[in-house]
Amino acid sequence: MAKINRLSGFPELLPSGRVIEQHILDTAREIFELHGFLSLETRSVEPIDHMQRNGEIDKEIYVLRRLHATADEADPGLGLHFDLTVPFARYVLEHAALLEFPLRRYQIQKVWRGERPQEGRFREFTQADIDVVGKDTLAFHHEVEMAVVMSTLLATLPIPRARLQVNNRKLAEGFYLGVGAADTQGVLRVIDKLDKIGPDRVGALLETEAGLTPEAAAKCIALAAICTPDATFVDQVRALGVRNDLLDQGLSELSAVVTGANAERPGSVVADLRIARGLDYYTGTVYETQLVGFESVGSISSGGRYDNLASDEGQRYPGVGISLGVSRLVSILLAKDLVSASRAVPSAVLVAVTDELSRPASESVARRLRERGIPCEVAPSADKFGKQIRFADRRGIPYVWFPATAADSTEGDTIKDIRSGDQVDADATNWQPPLDDIKPRVFATPDSSAASKESW
RNA sequence: GUGCUCGUAGUUCAACGGUAGAGCGCAGCCUUGUGGUGGCUGAUGUUGCGGGUUCGAAUCCCGUCGGGCACCCCA
């Protein structure tokens, strides 16, 4: 057989990894619905010209075309979507007449980007987005809400602590204008390199590439250094002595998000004025999230306020949203062994088969368990019980059911907990496993290796 | 797309230009139709692919395909 190479950037998980991913997806859905977000799905393809930002050609897009397209056939100009926000904006415009606003929706789908993959970066990956879109206007408090919902989700998952960092586009842009910058986007892009190349080289780039004076560059760097868990950043920014109306607006918005979110969930967000990223359609609050201890992998959740993404003739639908990078998060969790699952299969019980003639008796046990919502499977072959137990053990199935043998009808069915070795009489019409054993459990990996020895 | 680096068993990795190996995993047995550990036995490779140099290539050279990392950009 030809050797099959795995395709870089198109990750496929093993069963144990998928259990963890699915737990994250299930939890996301649960938290989102708990906060009243409805579920939507959009098609995987969009017209490429709708996905381009500011008219520039985006090389990240995978183009879709028919293999047998003829030369004279018009190119439909379709590409796979690279995020869920742009398609959602298009969806809103297309169905606006039939939708209720403000519209709260969550959307969990694959997206594609034609980049070169590396750690935590894929060509095909899953995002879990929430957005609120209003008609004409969107109340500011939703910018607080996004941070609260995402922080709730991240705190619910069995993962390391996440730092939700918030900044505001108006603040940064107003500040840059205030120090005399002409190209605020350019300043933003250079500031974003602070982590990688340090303040000295950023300062130099600000002068050469963004055309700032040394004093202005120094102030921009000083601004980026400000990071507070509360609204005290306002005074620190004021101390830099830059005056600008947009800056003032940004300052008050950001302090409202930070104080609002922390009132709801203490310690959930920090104001971090270095956060410059986000796509260029963001117009206000921007979010970014790092897993504490794994900052180098990049943000696992980001988003922001966008006022102009969905707009028709005269009609605007401003929105705010935040996205969880499910694939990136899962890849960190698996690579660093931060999260474990109690088993990689749904079955809580393996029903043993004594011999092929009595397989119907085993199937009957399974049926009665399933009727009561207990996931189970019947052993694939009537091997020696030792092998059947090992079959369960390998997969993490916690219980093996032994049907009564016809030859020895005085004995009833028994069930063995293969973790403890305990084996007791059981009746398929009323036996119930502990709640924890019904579904695979996903939990933070205990860091001591001694703990894992106990549960063989 | 640019640069760097690496491709050997299912997997993690060895092997100076000289007979391709080990750990883990897998299969069987010790083991009684009831699995942890232990012991014994066994199976598995076009050394990514193609060409070149050489008496001889996993090893050196060229090409190609694939992986990883960095840049770019971002979840």
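In what follows, every heavy atom counts, from backbone to side chain, and hydrogens, waters and symmetry copies are set aside. Proteins get letters first, then strands, A, B, ... in listed order; numbering begins at 1 in each.
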Under 4.0 Å: is that the gap between some side-chain N or O of A:K384 and OP1 or OP2 of B:U32?
-> yes

Could you say whether A:K387 or A:R189 is positioned toward the 5' end of RNA chain B, judged by the nucleotide with the nearest heavy atom to each?
-> A:K387

Decide, yes or no, whether a salt bridge links A:E46 with A:R90 under the criterion of side-chain N to carboxylate O below 4.0 Å.
-> yes

Check every atom of B:G33, B:G35, B:C69 against the side chain of A:D393 and return the nucleotide holding the closest atom.
-> B:G35

Syn or anti for B:G28, please, going by whether the chi angle lies within 90° of 0.
-> anti

Could you tell me the separation between the CZ atom of A:R328 and the C1' atom of B:A75, rounded to a whole number of Å?
-> 5 Å

Between B:G35 and B:A75 - C1' atom distance, rounded Å = 42 Å

Presence of donor-acceptor pair under 3.5 Å, side chain of A:Q423 and base of B:U34 = yes

Relative to A:F37, does A:R104 satisfy both conditions: NZ or CZ under 6.0 angstrom from the six-membered ring centre, and within 45 degrees of the ring's axis?
-> yes

Respond yes when some side-chain nitrogen or oxygen of A:S8 is under 4.0 Å from OP1 or OP2 of B:G68, and no when none is.
-> yes

Reckon A:S327 has a side-chain N or O less than 4.0 Å from the OP1 or OP2 of B:A75?
-> no

Which residues satisfy the salt bridge (Lys or Arg N to Asp or Glu O under 4.0 Å) test with A:R18, sequence neighbours excluded?
-> A:E21

Please determine, for the side chain of A:R116, which listed nucleotide (B:G33, B:A75, B:C71) has the closest atom?
-> B:C71

Geometric cation-pi criterion A:R419 and A:Y399, 6.0 Å radius, 45° cone | yes

Using atom CG of A:D383 as one end and atom C1' of B:G33 as the other, report the distance to the nearest whole Å.
-> 10 Å

Pairwise 5' ranking along RNA chain B for A:R394 and A:V326, keeping only the more 5' one | A:R394

Provide the distance between the two P atoms, one in B:G68 and one in B:C61, to the nearest whole Å.
-> 24 Å

Could you spell out the base pairing of RNA chain B in dot-bracket, with Watson-Crick or G-U pairs whose two distances are under 3.5 Å, [ ] crossing and | to another strand?
-> (((((((..((((....[..)))).(((((.......))))).....(((((..]....))))))))))))....

Taking the side chain of A:F402 as heavy atoms from C-beta outward, which of B:A75, B:U34, B:A70 is closest to it?
-> B:U34

Answer yes or no on whether A:R394 is positioned over the face of A:F391, meaning its NZ or CZ is under 6.0 Å from the six-membered ring centre and within 45° of the axis.
-> no

Any side-chain N or O of A:R390 under 4.0 Å from OP1/OP2 of B:G28?
-> yes

Can you tell me how far P in B:C62 sits from the matching atom in B:C69, rounded to whole Å?
-> 25 Å

Atom-to-atom span, CZ of A:F391 to C1' of B:G33 - whole angstrom = 17 Å

If you check the A:K193 side chain, which of B:C72, B:A75, B:U34 turns out closest?
-> B:C72

